[in-house]
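Just below is one structure, and these are the notes that go with it.
Numbers restart at 1 for each chain; the letters A, B, ... are given by sequence-line order, proteins then strands.
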Amino acid sequence: MGRKIQAVKGTRDLLPPDTAVWAAVERAARETFGAYGYSEIRTPILEDTELFVRSVGEGTDIVGKEMYTFTDRKGRSLSLRPESTASVARAFVQHGMHSAALPLKVYYIGPHFRYERPQKGRYRQFFQIGAELLGDAGPQSDGEVILMLVRFLSVLGFEGLVVQLNTVGDEESREAYRKGLVEYLEPHREALSPDSQRRLGSNPLRILDSKDPADHGVLQGAPRLEDFLNASSAGHFDAVCEMLDRHDVAYSIEPRLVRGLDYYTRTVFEIIAAGLGAQDAIVGGGRYDGLIEELGGQPLPGIGFAIGEDRLIEVLPERFRIEALKASLVAVAAVPPVSAAEAVALAEELRSENLPVLAELTDRSVRSALKRADRAGVKWVVLLGEQERATGTVTVRDLEQGSQETMPRGDLATYLRRSP
RNA sequence: GUGAGCGUAGCUCAAUCGGUAGAGCGCUGGAUUGUGGUUCCAGUGGUUGGGGGUUCAAGUCCCCUCGCUCACCCCA
């Protein structure tokens with residue numbers, strides 16, 4: 001006997017009936033995003049490692065120690081995508097999409113990979129539902145992207161979620177602030193946590209949202225990012241807030257919210273949800289005005305977000321989940337001595353009428369056929385027995401009501417379609 | 001990468017001081033051969049994660065290893 005092989009660490013099988021919930025969430029995303037003029041984009045799961053080094057940033061943990069990177073048979077360094085904004089930007093440049101009607105609005109749904117120790121809400125293979133708007137720099141774009149996100153979450157039935165909002169300024173403001181912050185923190189280096197000391201050199205802005213109490217003390221007197229914003233960055237942020245106000249979006253400004261990816265500029269945001277333990281961010285996003293150019297394209301702005309689908313489903317409102325799990329199947333069973341083959345034939349007739357049908361494939365007693373149909377969550381069972389066959393009728397049993405009636409076989413499809 | 005907790009049937013868990021593994025749920029069938037859910041009966045279920053050690057005897061004690069979970073970190 002060989003050893004049992006199991007799914008690799010940090011990956012998992014999504015099984016029925018749960019997959020119905022995933023499908024319903026994804027359907028809602030497609031519909032909602034479609035209503036804002038977004039189309040689907042599908043980029044490869046595998047990319048040139050250099051893509052992520054240049055976009056996400058060499059100094060980030062994602063690129064530095066969390067990527068699945070390997071060399072292929074020709075010695076090229078490839079990586080499993082840890083996120084998709086970089087891929088979308090790459091595709092945009094590669095296909096010269098700047099000459100299409102801008103802004104380009106695309107969304108994606110799919111697996112991503114990061115090599116981390118798994119814990120609640122964190123997997124090595126995880127799914128993201130994301131959207132990107134490329135080619136418009138105005139604050140209305142930031143606002144509409146957030147409105148779309150909020151609408152999607154409300155379609156799923158979420159209530160009381162608050163968008164955490166901040167600006168990291170444009171490149172000029174951000175660079176000025178980075179210098180100011182390092183200048184202030186350097187003399188306090190010894191008081192910082194070891195992680196923050198490391199970040200001082202690699203990614204100083206991230207020290208701002210450190211969870212370490214020691215860091216909080218040092219940060220008390222730190223310069224504030226908003227004081228370093230130039231007029232353009234400050235005005236942009238005000239306009240975004242104004243738009244969210246106008247549409248009654250619940251948001252809160254979090255001056256310490258910075259994000260771990262290097263490409264973010266100006267607006268950044270997150271949504272966190274209760275019930276997820278330490279990994280409580282279900283959405284993260286922001287503007288990335290320098291990314292397309294960094295990847296060799298024209299200087300074009302962009303903004304987008306990514307939703308952690310695994311986490312989203314973990315805290316999905318119960319009503320949406322229940323609705324998604326409702327089966328609308330009709331079961332067809334033959335009553336001995338009528339054979340199962342005849343039930344299958346009847347099922348095929350109904351499927352031709354576009355009805356979803358579960359046919360009983362094995363000759364078995366009515367008792368077990370009904371029991372099985374009941375467990376499958378079916379509402380209607382069509383019974384075909386000797387009497388029915390002789391008279392050209394069928395008996396339809398309503399498992400919820402416990403009632404049944406016999407009708408001409410020709411009326412069946414219409415009857416079932418009409419019934420809830 | 002660091003730390004803590006936990007691995008017994010498909011699932012949730014029992015098993016006294018170390019004495020040779022059990023229940024519920026599930027699944028399959030049956031309880032007047034054409035009627036489900038509740039109930040009752042029967043059947044199906046395990047190399048106790050794996051390996052080694054101590055012992056007359058190990059699910060139980062010791063060591064190693066693998067895995068799971070949570071937290072740090074990171075972020076969706």
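Looking at which nucleotide of RNA chain B each of Val8(A) and Phe126(A) is closest to, the 5′-most match is held by Val8(A).
At a threshold of 4.0 angstrom between heavy atoms, the contacts of Glu66(A) are confined to the sugar-phosphate backbone, with no base atom among them. Using a 4.0 Å heavy-atom criterion, one finds that Phe113(A) contacts no nucleic acid atom at all. Counting any heavy atom pair closer than 4.0 Å across all strands shown, Ile62(A) reaches sugar-phosphate atoms only and no base atom. The residue Leu399(A) sits close to a base: some heavy atom pair falls under 4.0 Å. Counting any heavy atom pair closer than 4.0 Å across all strands shown, Thr60(A) reaches no nucleic acid atom.
Taking the side chain of Ala278(A) as heavy atoms from C-beta on, and the options C72(B), G34(B), G30(B), the nearest nucleotide is C72(B). Listed nucleotides C75(B), G34(B), G67(B) differ in distance to Glu388(A); the shortest reach to its side chain belongs to G34(B). If you check G37(B), C75(B), U28(B) against the side chain of Asp374(A), the one that comes closest is G37(B).
Separating the P atom of A21(B) from that of U48(B) is a span of 10 Å, rounded to the nearest Å.
A donor-acceptor contact under 3.5 Å is formed by the side chain of Arg397(A) with the base of G36(B). For G3(B), its base sits under 3.5 Å from the side chain of Arg117(A) at one donor and acceptor pair at least.
The pair Asp61(A)-Arg198(A) meets the salt-bridge criterion, since a charged nitrogen lies less than 4.0 angstrom from a carboxylate oxygen.
Checked against Tyr115(A) for a ring pair (Phe, Tyr, Trp, His ring centres under 6.0 Å), the options Phe70(A), Tyr68(A), Phe126(A), Tyr123(A) give a single hit: Tyr68(A).
At least one test fails for Arg42(A) against the ring of Tyr108(A): distance under 6.0 Å to the centre or angle within 45° of the axis.
OP1 or OP2 of G30(B) sits under 4.0 Å from a side-chain N or O of Ser368(A).
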Give the dot-bracket string for RNA chain B, reading 5' to 3', where a pair is Watson-Crick or G-U wobble with both distances under 3.5 Å, ( ) marks pairs inside the strand, [ ] marks pairs crossing earlier ones, | marks a partner on another strand, and . marks unpaired. (((((((..((((.....[..))))((((((.......))))))....(((((..]....))))))))))))....
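Using a 30° and 60° split on the angle between ring planes, Phe33(A) and Tyr38(A) fall in the tilted class, from 30° to 60°.
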